[in-house]
Amino acid sequence: MTRCVPPRSVGPYQIFSVIGRGGIGTVYLGRKHDTGQAVAVKLLGPAPAVDANAARRLAREYEVLLRLDHPNVVHVLDAGVAEGYSFVAMELVEGLDLRSYLSIPASSQPAATAPDPCAGADRDAESFDVQALLCEPDTESLEPVRSWDAGPDAIRAFAAVVGEPETETVTRSGLPPLPPAEPLRPESARPEPAPLEPRLAAALNHPARLRRLREALEQVCEGLAYVHAHGLVHRDLKPGNIMVDEQHRARLMDFGLVALVDEGGCAHLGGKVAGTYRYMSPEQARGAVVDARSDLYSLGVILYELLCGRTPFPARRPGELWHDILTRRPARIASINLGVDPRLAAIAERLLEKDPAARYQSAEELGEALRQEFGGIHH
C-alpha cells in the first residue's frame, strides 16, 4: 500500500519521521522553526482525502487539551491548517508506552528514546533518535510555511470545505450488525486459557515490575480523576495511550475520541461506537450512555492484560469479541497467572464487572484502594 509522503514543513514546524499513529492522524517528530523546540505533531491530510469527522475530532482534541493542565496528562501547544493539512502540536513525551515500559528487564531503567508519544494504535513502532534528527540542519526548502491558519476554528472550516455533514455516521467500525454476521461458537467449543508457562509468570510477577505497575497505575488514576472532574470521558484508554517518561511519570495521551458529559455526568453516544474494541466497556460497545466508569473498565482491561499477558477476551472473530464484551465473564486471573498478586487481581476483576455500579465508582476511589493495599506511591 502506498503511503502519503508528509510535508517537510507544516505551519511553524519542521516535520521529521513518524513516531506514532493515533486513532485519528499520524504523529511525527517535529521541531519549531523559530525556537528549535522538539514537539509531536499530529497530522491529518492532505485534502481532499482527509476524513472531515476526523478533522473535527482533531479540533476538539486540541480544545480539550488546552483546558487541561496536569502532570499526568499530555500538554497541547498549537493547532491549525497549512497546505491542506490540519495539525495539532503537542509536547514530545520521550519514554515508553505502558506495555513496553513494563516489559523491560526488572534490573534496567526505561530507555529515554522511545516510540509513540501520542499514538492511539497498539503496534510495534520504530524507535527514533530525537537528538540526531533535531540536529539536522535547516535548508532553504525547510523554511516555515507562511500561509497557514491557526486555531481549531481553522480546522473546522477545513472540514466544512471537505464537504462532510456535521453529524457523524453511526458505525460499529468493523463489528458486525445485530445479530452478528457469523455464527458464534458455543461456549463449550471455546478452550479455557492454559496457565502461563512458569518463566513467563515469574517475569510478570517480578516485584520490581509490579512496583512499576502500581506506581504507573496510581498516576493514571490521578490523571483520570482530573480529566473526569473536567466533565470528560477519554473513551480510548489502552496501553499505547499511556506513556511513561524518563522520570517514570505516566501520561495520558490521545484525546481524539474524548466525550463531553452532561450535568448528570453522562455522555450520550446515540448508538455511535468509536474506540478500540478490545479495551471497550460493554456500554461503550453498545453505543449507549457512558460515564467515568467506562474508562475504569478500560483500565481494568489494561490491568488484566499486564497481569496475564493477554486481554480478557482474546477472540479474533469480531462477532465473538463483541459478544464476549457484552455477555461473557473473563477467566479468573489466578487461573492463568498462578502466582499473581491477589490484591491486583481482585482490583482488575472488580473493574471488569459488566454492571458499572459494581465497579469502582471513580478514579479517586480506585486510587484510594491502591494506597490502602500497597501504601502511597512517591513520584
Engineer: Among Y279, F255, Y297, whose ring-ring contact (aromatic ring centres under 6.0 Å, His included) with H234 holds?
Structural biologist: F255

Engineer: Between the side chains of E222 and R251, is the shortest nitrogen-to-carboxylate-oxygen separation below 4.0 Å, so that they form an ion pair?
Structural biologist: no

Engineer: So, do I336 and P195 sit near enough that their side-chain heavy atoms are less than 4.5 Å apart?
Structural biologist: no

Engineer: Backbone N or O of R278 within a donor-acceptor pair of the T276 side chain at under 3.5 Å?
Structural biologist: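 Looks like no, no N/O pair under 3.5 Å.
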
Engineer: Is a donor on one side and an acceptor on the other found under 3.5 Å between the side chain of E63 and the backbone of E61?
Structural biologist: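 No, the answer is negative, given that no donor and acceptor are paired below the 3.5 Å cut-off.
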
Engineer: Is the shortest side-chain N to carboxylate O distance from K42 to D254 below 4.0 Å?
Structural biologist: yes

Engineer: Which atom names give the shortest non-hydrogen contact between L326 and R286, and what distance separates them?
Structural biologist: CD2-CG, 3.5 Å

Engineer: According to a hydrophobic-cluster definition based on side-chain heavy atoms being under 4.5 Å apart (Ile, Leu, Val, Met, Phe, Trp, Tyr only), do L260 and L58 belong together?
Structural biologist: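 Same hydrophobic cluster.
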
Engineer: Atom CD of E353 and atom CZ of R359: how far apart are they, to the nearest 0.5 Å?
Structural biologist: 8.5 Å

Engineer: Is there a side-chain contact (heavy atoms from CB on, under 4.5 Å) between V261 and C266 once you walk through the steps?
Structural biologist: CA-CA 5 Å; V261 302; C266 298; 5.6 Å; no

Engineer: Looking at every non-hydrogen atom in both residues, tell me the closest pair between G256 and R60 and how far apart they are.
Structural biologist: O-NH2, 3.7 Å

Engineer: For a quick test of reading the model, state the closest non-hydrogen atom pair linking V88 to A79 and the distance between them.
Structural biologist: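 Result for this residue pair: CG2-CB, 4.0 Å.
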
Engineer: Counting only N and O atoms by type, is there a donor-acceptor contact under 3.5 Å from the side chain of D245 to the main-chain atoms of V93?
Structural biologist: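 No; judged by distance alone, with no hydrogens or angles, the pair does not exist.
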
Engineer: Check the pair L299 / V220 against side-chain contact (heavy atoms from CB on, under 4.5 Å), numbers first and verdict last.
Structural biologist: CA-CA 9 Å; L299 195 54; V220 169; 3.9 Å; yes

Engineer: Looking at E320 and R316, would you say the former's side chain and the latter's main chain have a donor-acceptor pair under 3.5 Å?
Structural biologist: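 No; zero donor-acceptor contacts below 3.5 Å.
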
Engineer: So, do L307 and L213 sit near enough that their side-chain heavy atoms are less than 4.5 Å apart?
Structural biologist: yes

Engineer: Once the angle between the rings of H70 and Y226 is folded into 0 to 90°, is it parallel (under 30°), tilted (30 to 60°) or perpendicular (over 60°)?
Structural biologist: tilted

Engineer: Short question: side chain of E83, backbone of G11 - any donor-acceptor pair under 3.5 Å?
Structural biologist: no

Engineer: Contact between L68 and L232 at the side-chain level, heavy atoms closer than 4.5 Å - yes or no?
Structural biologist: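 Counting from C-beta outward, L68 and L232 do come under 4.5 Å.
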
Engineer: Is there a side-chain contact between D262 and H268 (heavy atoms, below 4.5 Å)?
Structural biologist: yes

Engineer: With distance as the sole test, does D295 use its side chain to make a donor-acceptor pair with the main-chain N or O of R235 at under 3.5 Å?
Structural biologist: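 Between the backbone of R235 and the side chain of D295 there is a qualifying donor-acceptor contact (under 3.5 Å).
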
Engineer: Determine, stepwise, if the pair V244 / L96 fulfils side-chain contact (heavy atoms from CB on, under 4.5 Å).
Structural biologist: CA-CA 5 Å; V244 183; L96 297 168; 5.6 Å; no

Engineer: Just distance, no hydrogens or angles: give the donor-acceptor pairs under 3.5 Å from side chains in residues 339-347, sequence neighbours left out.
Structural biologist:
from	atom 1	to	atom 2	distance (Å)
D341	OD1	R343	N	2.9
D341	OD1	R343	NE	3.2
D341	OD2	R343	NH2	3.0
R343	NH1	E373	O	3.0

Engineer: Would you confirm whether E283, through its side chain, and V289, through its main-chain N or O, come within 3.5 Å as a donor-acceptor pair?
Structural biologist: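 Flag not set: sc E283 to bb V289 has no pair under 3.5 Å.
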
Engineer: Calculate, to the nearest 0.5 Å, the distance between atoms OG and CG belonging to S17 and L29 respectively.
Structural biologist: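 CG of L29 is found 5.5 Å from OG of S17.
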
Engineer: Are Y304 and I302 in one and the same hydrophobic cluster, where Ile, Leu, Val, Met, Phe, Trp and Tyr link if side-chain heavy atoms are under 4.5 Å apart?
Structural biologist: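 Y304 clusters together with I302.
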
Engineer: Does the distance from a Lys or Arg side-chain N to an Asp or Glu carboxylate O, for R371 and E368, drop under 4.0 Å?
Structural biologist: yes

Engineer: Judged by atom type as modelled, is there a donor-acceptor pair below 3.5 Å linking the side chain of S294 to the main-chain atoms of V290?
Structural biologist: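 No, because the side chain of S294 does not come within donor-acceptor range (under 3.5 Å) of the backbone of V290.
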
Engineer: Run through Q14, R31, H33 and flag the one making a side-chain hydrogen bond (donor to acceptor under 3.5 Å, both in side chains) with S9.
Structural biologist: H33

Engineer: Measure the spacing between CZ of F16 and OH of Y28 and express it to the nearest 0.5 Å.
Structural biologist: 13.5 Å

Engineer: Show your working on side chain to side chain donor-acceptor pair (under 3.5 Å) between Y13 and D78 and close with a plain yes or no.
Structural biologist: CA-CA 10 Å; Y13 301 100; D78 209 350; 3.1 Å; yes

Engineer: If you round to the nearest 0.5 Å, how far is CD of E349 from CG of L303?
Structural biologist: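 Atom-to-atom, L303:CG and E349:CD are 9.5 Å apart.
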
Engineer: Within 45° of the ring axis of Y360 and under 6.0 Å from its six-membered ring centre, is that where the NZ or CZ of R350 lies?
Structural biologist: yes

Engineer: Minimum heavy-atom separation for V76 to A89, with atom names?
Structural biologist: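 Taking every non-hydrogen atom into account, CG2-O, 3.6 Å.
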
Engineer: Just wondering, are more than 12 heavy atoms of other shown residues or ligands nearer than 6.0 Å to CZ in R67?
Structural biologist: yes

Engineer: Whether R332 and E192 form a salt bridge (side-chain N of Lys/Arg under 4.0 Å from carboxylate O of Asp/Glu) is what I want to check.
Structural biologist: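 No.
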
Engineer: So, for L321 and A315, which heavy atoms are closest and what is the spacing to 0.1 Å?
Structural biologist: N-CB, 3.9 Å

Engineer: Has E197 got a side-chain atom pairing as donor or acceptor with R199's backbone, closer than 3.5 angstrom?
Structural biologist: yes

Engineer: Indicate yes or no: at least one non-hydrogen side-chain atom of I242 is less than 4.5 angstrom from one of L252.
Structural biologist: yes

Engineer: Please answer: with hydrophobic residues joined when any side-chain heavy atoms are less than 4.5 Å apart, are I325 and L269 in the same cluster?
Structural biologist: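 In one cluster with I325: L269, no.
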
Engineer: Within the 4.5 Å heavy-atom criterion, are S298 and M280 side-chain neighbours or not?
Structural biologist: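 No. Closest side-chain heavy atoms not under 4.5 Å.
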
Engineer: Within a strict 4.5 Å, meaning less than it, do heavy atoms of the L43 and V10 side chains meet?
Structural biologist: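 Yes, their side chains come closer than 4.5 Å.
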
Engineer: If only atom types and distance count, is the side chain of Q219 paired as donor or acceptor with the main-chain N or O of H248 below 3.5 Å?
Structural biologist: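 Yes, the answer is positive, given that a donor and an acceptor are paired below the 3.5 Å cut-off.
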
Engineer: Flag the pair E305 and R99 as a salt bridge only when some basic side-chain nitrogen lies within less than 4.0 angstrom of an acidic carboxylate oxygen.
Structural biologist: yes

Engineer: Answer yes or no: is there a side-chain heavy-atom contact under 4.5 Å between L204 and R209?
Structural biologist: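 Side chain of L204 against side chain of R209, heavy atoms only: contact under 4.5 Å found.
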
Engineer: Within this structure, what is the NZ-CG distance for the pair K272 and L257, rounded to the nearest 0.5 Å?
Structural biologist: 12.0 Å

Engineer: I would like to know whether L44 and F87 meet side-chain contact (heavy atoms from CB on, under 4.5 Å); could you show each step before the answer?
Structural biologist: CA-CA 6 Å; L44 285 178; F87 69 90; over 6 Å; no

Engineer: Closest heavy-atom contact between L98 and A216?
Structural biologist: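 That would be CD1-CB, 3.8 Å.
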
Engineer: Nearest 0.5 Å please: distance from the OH atom of Y101 over to the CZ atom of R212.
Structural biologist: 5.5 Å

